[in-house]
Peer 1: 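My structure is below; once you've seen it, I'll send some questions.
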There are 2 protein chains.
Amino acid sequence: MALDHAILVSLLERPGSGYELARRFERSIGYFWTATHQQIYRVLRRMEAEGLLDVREVAQQGRPDKREYSVAAPGRAALSRWLHEPIEPESLRHELAVKIRGAAFDEPAALAGEVERHRRVHAERLAHYLAGQERDFTGPGAPPPDPGRELQHVVLRGGIAYERMTLDWLDDVLATLHRLAGGLPPS
Amino acid sequence: MALDHAILVSLLERPGSGYELARRFERSIGYFWTATHQQIYRVLRRMEAEGLLDVREVAQQGRPDKREYSVAAPGRAALSRWLHEPIEPESLRHELAVKIRGAAFDEPAALAGEVERHRRVHAERLAHYLAGQERDFTGPGAPPPDPGRELQHVVLRGGIAYERMTLDWLDDVLATLHRLAGGLPPS
DNA sequence: GACCGCATGTAATAGGTTACATGATTCG
DNA sequence: CGAATCATGTAACCTATTACATGCGGTC
């Protein structure tokens with residue numbers, strides 16, 4: 001049920017439509033929780049029916065109308081209850097690692113291209129996070145800090161640390177694949 | 001469909017029963033892919049029906065019989081095909097990060113206990129990985145390296161790097177929560 | 001006698017992805 | 001005129017989790 005809570009947090013940070021939420025799940029919130037628009041619309045309907053959210057139809061000029069959701073009192077209470085419950089520390093789910101172990105039963109060197117592609121994607125994500133950090137937190141035009149922003153920043157620092165760690169690890173993987181491919185480079 | 005491939009890799013590394021696979025998914029393979037026994041039994045049945053796996057009924061003394069699965073030729077081909085397909089670099093899914101951002105709308109300090117609990121779990125995992133590394137790869141009794149083991153080792157190093165990064169990040173989170181709780185410590 | 005480990009499953013539900021569908025407006 | 005963006009949804013399917021269920025053998 002964590003999508004429910006991610007939506008509550010995002011709507012508390014700023015009310016918005018399903019479409020806007022879907023876009024946030026491609027950026028900011030999406031750094032650590034993903035969801036597609038189909039899923040978001042489904043959950044929004046359910047949460048509205050459960051009385052956790054309020055809706056306001058907003059007419060717009062030059063654009064389709066939208067349904068702007070905001071968090072109702074019971075929604076806030078539900079979030080608060082969840083925040084005080086313990087959750088299970090979660091485990092990784094890393095498909096590429098399955099491939100790497102599987103490479104032992106195929107040509108290990110054939111995987112290098114795929115690993116390099118992943119490396120590029122992670123390098124882009126890191127650059128994107130760093131730009132966001134500069135823009136929203138550490139740069140000259142950034143708004144002054146407050147508790148909510150401090151917490152957003154520490155989560156972003158987690159994303160940055162994750163991408164840096166991943167890049168280092170993928171370099172290790174590439175070096176290992178090259179070593180296995182024959183030429184042992186000088187140690 | 002990645003559970004299928006994780007099972008193929010694990011059975012190629014060593015044939016085994018559903019029960020044994022479930023145990024491996026709590027250790028080694030489970031470092032980067034999780035699955036419960038219910039799911040594993042269901043998928044094994046399907047993969048057997050699809051001809052990807054062979055089964056052998058093994059009678060045991062003092063224990064229930066078991067169905068030992070191994071990878072059939074079509075299974076090996078399916079794995080090889082998958083290894084040559086690109087996969088999407090995946091995104092994090094970190095429930096604790098949702099909680100941290102949500103803490104802005106509750107008492108931030110109340111989250112410190114939960115974060116510390118997660119920190120302890122990750123410290124235990126790191127210790128467990130390091131012990132496994134010593135036992136299986138770097139210690140004196142470890143078997144000699146071969147390509148398959150090198151690849152297992154580089155995946156384990158990824159798990160170690162992940163846990164170290166997570167511990168550092170959780171320390172950052174705790175420091176941030178304490179700072180928000182009032183006393184600004186000397187910088 | 002109670003509990004743990006080995007071994008296998010079913011059933012119900014929840015969560016998530018993919019494909020399909022519609023319709024307006026703006027930009028090149 | 002075509003493509004992209006804004007905006008909302010349905011339907012089918014697949015994947016994953018939780019709860020329930022059984023039975024033997026060994027250990028405390």
Side-chain angles (χ1 to χ4, degrees), chain A residues 1-8 15-27 29-30 32-50 53 55-69 78 82 85 87-95 98, chain B residues 1-7 11 15-27 29-30 32-50 53 55-69 82 87-95 98:
Chain A
M1 288 256 177
L3 177 55
D4 299 39
H5 302 113
I7 285 175
L8 287 171
S17 67
Y19 185 83
E20 283 160 352
L21 278 171
R23 306 218 47 215
R24 289 184 212 169
F25 275 88
E26 286 166 9
R27 311 182 301 103
I29 285 274
F32 49 86
W33 204 267
T34 53
T36 58
H37 77 272
Q38 292 91 333
Q39 213 188 329
I40 288 166
Y41 283 119
R42 191 152 25 92
V43 172
L44 284 173
R45 288 269 150 167
R46 199 199 64 227
M47 291 174 77
E48 185 198 341
E50 290 170 351
L53 301 179
V55 201
R56 200 167 58 97
E57 295 274 345
V58 179
Q60 300 180 110
Q61 65 275 57
R63 291 180 184 189
D65 296 355
K66 66 176 180 178
R67 299 166 50 82
E68 192 181 79
Y69 290 91
W82 176 69
E85 270 167 25
I87 52 173
E88 277 300 298
E90 54 220 304
S91 309
L92 278 179
R93 197 143 247 238
H94 211 309
E95 216 174 342
V98 178
Chain B
M1 287 258 174
L3 177 55
D4 299 39
H5 303 115
I7 285 175
L11 289 178
S17 67
Y19 185 84
E20 283 161 352
L21 278 170
R23 306 218 46 214
R24 288 184 211 169
F25 275 89
E26 286 166 9
R27 312 182 302 102
I29 285 273
F32 49 87
W33 203 265
T34 54
T36 57
H37 77 272
Q38 292 91 334
Q39 212 187 328
I40 289 166
Y41 283 119
R42 190 153 25 90
V43 172
L44 284 173
R45 288 269 150 166
R46 198 198 65 228
M47 291 173 76
E48 185 198 342
E50 289 169 353
L53 301 179
V55 200
R56 199 168 58 97
E57 295 273 345
V58 180
Q60 301 181 108
Q61 63 276 56
R63 291 179 184 190
D65 296 356
K66 65 175 180 180
R67 297 166 53 81
E68 192 180 80
Y69 290 92
W82 177 69
I87 52 172
E88 277 300 298
E90 52 220 306
S91 308
L92 277 179
R93 199 141 244 241
H94 211 309
E95 216 174 342
V98 178

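In what follows, chains carry the letters A, B, and so on, assigned in the order in which the sequence lines appear, proteins first and then strands, with residues in each chain numbered from 1. Quick caveat: nothing in here was measured; it's all calculated off a predicted structure. In what follows, every heavy atom counts, from backbone to side chain, and hydrogens, waters and symmetry copies are set aside.
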Peer 1: Side-chain donor-acceptor contacts of residues 34-41 of chain A below 3.5 Å, not counting sequence neighbours, with atom names and distances?
Peer 2:
{"from": "Thr34(A)", "atom 1": "OG1", "to": "Arg93(B)", "atom 2": "NE", "distance (Å)": "3.4"}
{"from": "Thr34(A)", "atom 1": "OG1", "to": "Arg93(B)", "atom 2": "NH2", "distance (Å)": "3.1"}
{"from": "Tyr41(A)", "atom 1": "OH", "to": "Tyr19(A)", "atom 2": "N", "distance (Å)": "3.3"}

Peer 1: Check the distance between dT8(D)'s P and Leu44(A)'s CG and give it to me in whole angstrom.
Peer 2: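 After rounding, the reported distance stands at 9 Å.
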Peer 1: Begin from the C-alpha positions of Ile7(B) and Phe25(B) and carry the test side chain to side chain contact (heavy atoms under 4.5 Å, CB included) through to its verdict.
Peer 2: CA-CA 9 Å; Ile7(B) 285 175; Phe25(B) 275 89; 4.2 Å; yes
Peer 1: Whole angstroms only, please: what is the CD1-P distance between Ile40(B) and dA7(C)?
Peer 2: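 Result: 14 Å.
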Peer 1: So, is Tyr41(B) near the phosphate of dT8(C), with a side-chain N or O under 4.0 Å from OP1 or OP2?
Peer 2: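 So the side-chain polar atoms of Tyr41(B) do come within 4.0 Å of the phosphate oxygens OP1 or OP2 of dT8(C), strictly under.
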Peer 1: Taking side chain to side chain contact (heavy atoms under 4.5 Å, CB included) as the test, write out the residues that go with Arg56(B), two or more places apart.
Peer 2: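 Per chain and number, Arg56(B) pairs via side chain to side chain contact (heavy atoms under 4.5 Å, CB included) with Val58(B), Glu68(B).
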Peer 1: Whole angstrom is fine here: how far is it from OH in Tyr69(B) over to C1' in dT8(C)?
Peer 2: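 Going from OH in Tyr69(B) over to C1' in dT8(C) covers 9 Å.
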Peer 1: Which whole-number value in Å describes the distance from Arg56(B) CZ to dA7(C) C1'?
Peer 2: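 The distance from CZ of Arg56(B) to C1' of dA7(C) comes to 16 Å, rounded to the nearest Å.
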Peer 1: Residues in side chain to side chain contact (heavy atoms under 4.5 Å, CB included) with Leu92(B), at least two apart?
Peer 2: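 Counting only residues at least two positions away or on another chain, Leu92(B) forms a side chain to side chain contact (heavy atoms under 4.5 Å, CB included) with Tyr162(A).
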Peer 1: Just how far, in rounded Å, is C1' of dG25(D) from CD of Gln60(B)?
Peer 2: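 Nearest whole value for this atom pair: 12 Å.
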Peer 1: Could you tell me which residues satisfy salt bridge (charged side-chain N to carboxylate O under 4.0 Å, His left out) with Glu90(B), sequence neighbours excluded, listed by chain and number?
Peer 2: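 None.
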Peer 1: In this structure, how many angstroms lie between the P atom of dC4(C) and the CZ atom of Arg23(B), rounded?
Peer 2: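 Value for this atom pair: 15 Å.
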Peer 1: If the sugar-phosphate is the primed atoms plus P, OP1 and OP2 and the base is the rest, what is the B/S/- string for nucleotides 12-22 of chain C, using protein heavy atoms under 4.0 Å?
Peer 2: ---SBBBBB--
Peer 1: What protein N or O atoms touch nucleotides 26-28 of chain D N or O atoms at under 3.5 angstrom, if any, and at what distances?
Peer 2:
none

Peer 1: Between C1' on dA7(D) and CG on Leu21(A), what's the gap in Å once rounded to a whole number?
Peer 2: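 That distance rounds to 13 Å.
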Peer 1: Run the side-chain hydrogen bond (donor to acceptor under 3.5 Å, both in side chains) test against Glu95(A) and tell me which residues pass, sequence neighbours left out.
Peer 2: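 In terms of side-chain hydrogen bond (donor to acceptor under 3.5 Å, both in side chains), with neighbours along the sequence ignored, Glu95(A) is linked to no residue.
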Peer 1: Provide, to the nearest angstrom, the distance between the NZ atom belonging to Lys66(A) and the C1' atom belonging to dT25(C).
Peer 2: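 Lys66(A) atom NZ is separated from dT25(C) atom C1' by 16 Å.
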Peer 1: Would you please confirm or rule out a distance under 4.0 Å between OP1 or OP2 of dT8(C) and any side-chain N or O of Tyr19(B)?
Peer 2: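 Answer is no, no contact under 4.0 Å.
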Peer 1: Does Val55(A) reach the side chain of Leu44(A), with side-chain heavy atoms less than 4.5 Å apart?
Peer 2: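 A side-chain contact is absent here, since even the closest heavy-atom pair is not under 4.5 Å.
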Peer 1: Could you list all the salt bridge (charged side-chain N to carboxylate O under 4.0 Å, His left out) pairs where at least one residue sits in residues 16-26 of chain A, not counting sequence neighbours?
Peer 2: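 Applying salt bridge (charged side-chain N to carboxylate O under 4.0 Å, His left out) to every pair that reaches into residues 16-26 of chain A, excluding sequence neighbours, yields Glu20(A)-Lys66(A).
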Peer 1: Using side chain to side chain contact (heavy atoms under 4.5 Å, CB included) as the criterion, list what pairs up with Phe32(B), not counting sequence neighbours.
Peer 2: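 Phe32(B): side chain to side chain contact (heavy atoms under 4.5 Å, CB included) contacts with His94(A), Ala97(A), Val98(A), Arg101(A), Ile29(B), Val155(B).
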